[in-house]
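Report on the structure given below.
Letters A, B, ... mirror the listed sequences (proteins, then strands); counts begin at 1. Quantities reported herein were computed from a predicted structural model and do not represent experimental measurements.
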Amino acid sequence: MKKKQFFLVRWFKRAFMGAGHETKNLTEEQMQTPMRTIMRNFREKKSAMFGLITFLLILVFVLVGPYFWEIDLSESESTLTNLAPSQSMLKLPSALKGKVADIGCGRTFGVGIDTDGHVYTWGNTRITDKIDISNIPDEVQNADIVHLAVGDDHAVALDVDGNLYVWGNTRLQQDKFSSDMTKAMKKGENWDIVQLEASNQFSGALSSEGTLYLWGNTNNADIKVKKEYQGNIAKFSLTGSECMALLKDGTVVYAGSKGSKNPLGRIPAALEGKKVVDIATTSKTVAAVTEDGEIVVWGNVLKGEDQIPEMSSHPVKIYGGRNHYTAMLEDGTVLSWGDDSFGQASVPAKVEKAEIKDIYVGYMQNYAVTTSGDTYAWGLKGFVLGTDDLGRDMLTRIINGGRVTMLVGAISVIIATIIGVVTGGLAGYFGGNVDILIMRIAEIVGGLPFIPFAMILSAVIGSKLQPTQRMYLIMVVLGVLSWTGTCRLVRAQILAQREMEYVTAAKAMGIREVKIVFKHILPNVISLLLVSMTLDFATCMLTESTLSYLGFGIPLPTPTWGNLLTGANNSIVIQQYWWRWVFPAAIFGLCTVCINLMGDGLRDAVDPKSNER
Amino acid sequence: MGKYILKRLGYIVVVFIIVSLLMYALYNLIPSDPARAQLEPQRKSMKPAEYEAMYNRLRESMGLNAPLIVRYARWLGIYPDINGEFNGMFEGNFGYSQFFSQDVVQVIKSPMKNTIFINIFSTIAALAITIPLGIYCAVHKGKKFDATVGVVTILGYSIPIYIIALIFIYVFCVLLRVFPVSGTKTPGMEYANSWQEFVDMLYHIALPVIVMTFGSLGGMTRYVRSSMIDALSMDYIRTARAKGVKEKVVIYSHAWRNALLPVITSIIGWFLSIFSGSVVIENTFSLNGMGKLYWQGLNNLDFELVLAIQMFYTVVSLLGSLLIDISYGLVDPRVRVNK
């Protein structure tokens, strides 16, 4: 008679209770309480156990997950939108290892040249469906490249003969050189390029004579260099749309023509009279290192760029990413600070031990090359499940969305069950007019077209509410609209139970009727109630997600499994950004299927008659 | 039978009044003031006192000062307006859509045609598939085919319909390129005759209908199967078999007639859910239907339109339940006698 138990249960039992437990059960069929029979029946059903275990795993995942993948609702990062799932953004190609000559750090990719002048790319190089940084033009492939810089969506390279190449997105004049540049290039005067930089749609090159050339999208960036600085510039650095320069006499200036209106143009007083040895920029701030080892940061500081850690010795070089700085000290240690959301400001321990020769920093990436030629990288590795249209990590949103969806589902089921049990209990026990009235109300509520009605309730009442209050509203709406099934179930059960002997006995003892219903009869129907709650839980989650999908449930930016799919119903997203709908759909589908499997199994276990079905 | 239908009709009228009153009261929760909206352009050219007086007059003439129940009766068209005329829903006046700047009746016409067309199509398709499938599974209970169908039906009713729609769009529109992604007609197409137009529309709504049918397969197949299993386990089936009645007759005549009763009941809920579900489908495929219109109306706070469509949904569900009641009476003689 006795079937084999599920293997995990079997192992568990053998491990903790010994094998004797099994044989005892085999030798005599024990008398069991109904609950234990149910449990046994349930365990014997493979599909139900699969559902239970998978559901529990998902539940733990979405309950514990938010502590590890914390969500920032205001988060959006324009440089990280619609990224495909990958983990290879910091992975240098093996051919480049050991012979790195220069690395350009892009927002989600890297471009590098080896000592022979060959160009390599890695990471997520796709800019749009047509443009890909890894499509390196032939003339770049054939040329002997010595310098390299990478911007948001384009790459710039310089070969030994002084030819400049631009590839990637060139639709916004990223490759349109200014007239003095082309002149200099032709004549070869003032064209001994020592520094090459690129940023958001514009780029810059500095000659050894101190002349700075800026070119690119003029609408986006302030690229008109003030004449008085030309010929005098020792180093420059590009922010998101400005250019800062370090002059040969050790002062820092705003190189563009609109400096008076720009916060970056107000050089702090702390730098006055001091000689600056190095500068670096993030997308919105500037940092300068003075001769006596002090670092001064100014500009639009939002992500802790000015939280400079304690240093063991004087900094000699400083590099800027998108929202963080990395500095190399005199004694060879490397320090990072600023935004650390992708680990770009957490220098790995290996780097501290190694002897670092060069550091390349850009966007969220850091590469350190040791004197022996090894490369260490830290920063944004990639997104396991990709990112959405605002550059938010899908994994974080799926985990946090799951928590919201499950919470809403659970609370609305509890509300529906409470209403259903009370009304069903009253209707079933008292019968007569109470019964007729309650059942008519149930019929009306059950007859309302569910989704349109929930939509109008959410739209009418929810328009005045805060997002959190709106979440509670959805719970209540779902609960209030879906109690009729439970009510009918409880009523039918009570009609059957009240004819039983134990109710007669209780009545004979003079127990109050309400007490009989809720204290004597209800425990006897609790198992069936559990089944209906399980199945209702899946239904409530489905309804919540449908409402959210239509835009009348939980409002964005709070994620739920429904509103993650809101923007997904067009063919571009479906085809090109498949990760934006496949992952939420998959985990949600799996979750509801598991809950339903569990509920079905439980019903089969509770109701012996349905065992035969 | 006549008395039974009358009784149900009376019940439906009561429910209609309750639901519509509920909806109307809900609609009145929205802070909107048509009188102020109408006067707003002239506001600056008038003195405050004059404006106030005019505003109050307009409110009175628009009937905004009347109690809720009177306004409700006027809206239904069972109580005369200020000017003594009946002008409400029963007279065919469903209100004015602010968003479309048109009478609601005009706005609703063609979407309603589309929605009803799609729903009837997928209802017929779903019933034609689920009933034979359910019966077959019940008769061959426990076999491999039954187990497979069991798994598929659980998938069918667990996965939300918009995810099914996304998967179908991916397979049929993106990978295979058989169907168009959205819309009800080929853009810029001139039709030679109405038959061509009809075929083009069929081509466009094919995928939504397939998705809707697929989405409702799961639940219905399970209902048919379980009620058929119940019917097959009855004593009269054993008797019939013992008498030597042919298996076909046993299944389709003895068992199916009895299994039909619970199936019909479950169709009520399912019929409603199909109309609710079409809100999702029409939005996903951007079909010009009632659901899409309802969504637009709610998003643009065009509540007269929303209210009219809501009434449509209510009437559909009530008519559906009346239809079920009547067919219930036809199938089961006991219903006619007892009630």
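Between Trp581(A) and Tyr170(B), the distance from one ring center to the other falls under 6.0 angstrom.
Heavy-atom distances place both the backbone and the side chain of Phe453(A) under 4.5 Å from chain B. Interface remark: Ala585(A) contributes backbone and side-chain atoms alike to the contact with chain B (heavy atom separation under 4.5 Å). Residue contact with chain A, scored on non-hydrogen atoms closer than 4.5 Å, is absent for Asp146(B). The contact between Leu565(A) and chain B is made entirely by side chain atoms (from C-beta outward), counting heavy-atom distances below 4.5 Å.
Between chain A and the residues Leu22(B), Val174(B), Ile159(B), the largest count of heavy-atom pairs under 4.5 Å involves Val174(B). When Asn283(B), Leu307(B), Leu166(B) are compared by the number of non-hydrogen pairs under 4.5 Å with chain A, Leu166(B) comes out ahead. Each of Ile595(A), Leu597(A), Val593(A) has some count of heavy-atom pairs under 4.5 Å with chain B, and the biggest count is that of Val593(A). Counting heavy-atom pairs under 4.5 Å between each of Thr314(B), Ile309(B), Ile163(B), Ile167(B) and chain A puts Ile163(B) at the top.
Note that CD1 of Ile154(B) is 4.5 Å distant from CG of Asp600(A), once rounded to the nearest 0.5 Å. The CD1 atom of Ile451(A) sits 9.0 Å away from the CD1 atom of Ile161(B) when rounded to the nearest 0.5 Å.
Within the 4.5 Å cutoff, the side chain of Tyr162(B) has no heavy atoms near those of the Thr566(A) side chain. The shortest side-chain heavy-atom distance between Ile456(A) and Tyr294(B) falls under the 4.5 Å cut-off. Looking only at side-chain heavy atoms (C-beta outward), Tyr549(A) and Thr284(B) come within less than 4.5 Å of each other.
Taking a 6.0 Å sphere around OH of Tyr11(B), one finds it holds more than 12 heavy atoms contributed by other residues, nucleotides or ligands.
Nearest approach of Ser158(B) to Leu542(A), heavy atoms of both residues: O-CD2, 3.3 Å. The minimum heavy-atom distance between Leu298(B) and Phe552(A), with the atom names listed, is CB-CZ, 3.5 Å.
Residues of residues 12-20 of chain B placed with any heavy atom under 4.5 Å of a heavy atom in chain A are listed by number as Val15(B), Ile18(B), Val19(B).
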